[in-house]
Amino acid sequence: MLAMNYRGPKRVRIDQKPMPEIEHPQDAIVRVTRSCICGSDLHLYNGNVPDTRVGTTFGHEFTGVVEEIGSEVTKLKVGDHVLVPFNIACGQCAFCKQELYGNCHEANSQATAVGGIFGYSHTAGGYNGGQAEYARVPYANVGPTVIPQGMDPDDAVLLTDVVPTGYQAAEMAGIQKGDTVIIFGAGPIGIMAAKCSWLFGAGRVIVIDKEDYRLEFARNYSQCEAYNFQEMDDPVVFVKKTTDWMGADVCIDAVGAEAAGNAMQTITGRKLLLQAGSATALHWAINSVKKGGIVSIVGVYGPTDNLVPIGNVVNKGITIRANQASVKRLLPRLIEHVQNGVINPKGLITHRIPLEEVADGYRIFSDKLDNCIKPVLIPPSARM
């Protein structure tokens, strides 16, 4: 089968790889119909996440048609068109029972933090992902969800990560009616977090980034304010000024490890890899939020240390909430929002790229070419 093959930082290609097989009675094999390139994939692509091994197939956002099921799979049948949450979750461990599907202890039992994730580094279990013609899906009774009849696959594929992560970013922020919400990062997650902030009652939503085309997209898609931090002397001072020097009620870090804006953070976190990515956006969020405010983190960082102003967190009485999105928990509500027209996931998609051109897709997305917001890979069988 055709599959994306990671060959080292900034080196990916399409290759022929062996077909996946049933390895456990609860496995399913799906023929992929859509697979996204995520901003989190760019952290891998750029060499910012430890233990990203040559030969890995990325892709944690995908939909597919069930081709084969293990003997213990009872909730799916061959021919079902499913969306596959990026979390690999057993459904039975102590954390899954708390609906913390991103922290499943069985899917990544050697880790003390994150659970299993499709197509990510071996710190997340080492599972191959969906940027391929076929994928093996463990715990098929738990994660995969049959796509409702009539739902566009382009909407469905964004329900595997982007929509639930953006929604959970706003949910964790504890937004109260009338709150001012600042979101650092105008990638797909930041844009979706801005859109979802209104659902929780925000009175004002501001997105901060450095790419003008992404800021314009955020304004149009999320009906929010959007500003370029390169036009500010200091983003923290800007936030203070625009909130009567109180600070924002809520700040969301939707950037993570590759944040720009601070030379020291960039050098130590992105160039020398002395910390788990550049924590610039997290600094800004902590310093911009009001005393007693909430910082919500969905930006991805590596599993090692980061330089963050923890003293400011303590002295300001800030609450920090963070996690990988629990996709399975959120899906019923989000499917309803999509079906009712409250959220339009496919509106984020700017590029539909043949799987065979995956290397070009990564280059376009990573280098922010052609006003790319969200690229989706389409395998040959889904184009027939």
Side-chain angles (χ1 to χ4, degrees), residues 1-6 15-35 44 51-147 156-157 159-161 164 324-329 331 379 381:
M1 68 169 184
L2 291 174
M4 174 271 195
N5 190 345
Y6 174 71
D15 266 337
Q16 287 287 341
K17 297 184 74 172
M19 283 283 293
E21 298 178 351
I22 298 289
E23 299 178 15
H24 186 278
Q26 294 179 25
D27 285 352
I29 305 298
V30 302
R31 174 176 54 81
V32 177
T33 54
R34 297 284 190 281
S35 181
L44 305 174
D51 208 9
T52 302
R53 301 185 187 180
V54 169
T56 299
T57 293
F58 296 168
H60 56 270
E61 307 175 52
F62 62 97
T63 60
V65 176
V66 177
E67 296 282 302
E68 186 180 357
I69 56 175
S71 60
E72 294 181 10
V73 176
T74 59
K75 295 187 178 179
L76 296 177
K77 65 182 184 299
V78 172
D80 282 344
H81 196 183
V82 296
L83 63 90
V84 182
F86 76 91
N87 319 117
I88 302 174
C90 74
Q92 298 297 319
C93 71
F95 302 105
C96 285
K97 288 179 179 178
Q98 296 176 64
E99 297 188 312
L100 295 171
Y101 298 106
N103 306 109
C104 175
H105 195 58
E106 294 301 316
N108 192 16
S109 58
Q110 298 302 308
T112 58
V114 73
I117 297 175
F118 286 102
Y120 219 66
S121 99
H122 274 62
T123 61
Y127 297 88
N128 278 316
Q131 292 173 7
E133 291 188 280
Y134 294 86
R136 180 177 77 93
V137 178
Y139 306 110
N141 286 324
V142 180
T145 300
V146 176
I147 298 171
V157 74
L159 285 170
T160 64
D161 181 359
Q324 301 287 347
S326 292
V327 178
K328 178 180 171 66
R329 173 178 68 83
L331 273 179
S381 66

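In what follows, every heavy atom counts, from backbone to side chain, and hydrogens, waters and symmetry copies are set aside.
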Can you list everything that forms a side chain to side chain donor-acceptor pair (under 3.5 Å) with [X]? Sequence neighbours excluded, please.
| X | result |
| --- | --- |
| Thr33 | Thr63, His81 |
| Asp161 | His60, Thr165 |
| Asp51 | Arg53 |
| Thr57 | Lys17 |

Would you please name every residue forming a ring pair (Phe, Tyr, Trp, His ring centres under 6.0 Å) with Tyr101, sequence neighbours left out?
none
Run the side chain to side chain contact (heavy atoms under 4.5 Å, CB included) test against [X] and tell me which residues pass, sequence neighbours left out.
| X | value |
| --- | --- |
| Asn5 | Arg7, Arg13, Asp15 |
| Val78 | none |
| Asp27 | Ile22, Glu23, His24, Arg136, Pro138 |
| Ala107 | Ile88, Cys104, Tyr127, Tyr139 |

Going by salt bridge (Lys or Arg N to Asp or Glu O under 4.0 Å), name the pairs with one or both residues in residues 95-114, residues two or more places apart or in two chains.
none
Salt bridge (Lys or Arg N to Asp or Glu O under 4.0 Å) contacts in which one or both residues fall within residues 79-93, not counting sequence neighbours:
Lys77-Asp80
Show the nearest heavy-atom pair for residues [X] and [Y], with the distance to one decimal.
| X | Y | value |
| --- | --- | --- |
| Gly119 | Leu44 | O-CD1, 3.8 Å |
| Ala135 | Gly129 | CB-O, 4.0 Å |
| Leu76 | Pro144 | CD1-CB, 3.8 Å |
| Pro85 | Leu331 | CG-CD1, 4.2 Å |
| Ser326 | Leu100 | OG-CA, 3.7 Å |
| Val84 | Phe118 | CG1-CE1, 3.5 Å |

Should [X] and [Y] count as side-chain neighbours, where that means a heavy-atom distance under 4.5 Å?
| X | Y | value |
| --- | --- | --- |
| Val114 | Gln324 | yes |
| Pro20 | Met1 | yes |
| Val142 | Gln92 | no |

As an exercise, state the distance from CD of Glu61 to CG of Leu83, rounded to the nearest 0.5 Å.
11.5 Å
Say you draw a straight line from CZ of Arg329 to SG of Cys96; how long is it, rounded to the nearest 0.5 Å?
13.0 Å
Is there a donor-acceptor pair closer than 3.5 Å between any side-chain N or O of [X] and the backbone N or O of [Y]?
| X | Y | answer |
| --- | --- | --- |
| Ser35 | Gly130 | yes |
| Glu133 | Leu2 | yes |
| Asn108 | Ile117 | no |
| Asn141 | Gln26 | no |

Please say whether more than 12 non-hydrogen atoms of neighbouring residues, nucleotides or ligands are located less than 6.0 Å from NE2 in His105.
no
Among residues at least two apart in sequence or on other chains, which ones pass salt bridge (charged side-chain N to carboxylate O under 4.0 Å, His left out) with Glu72?
none
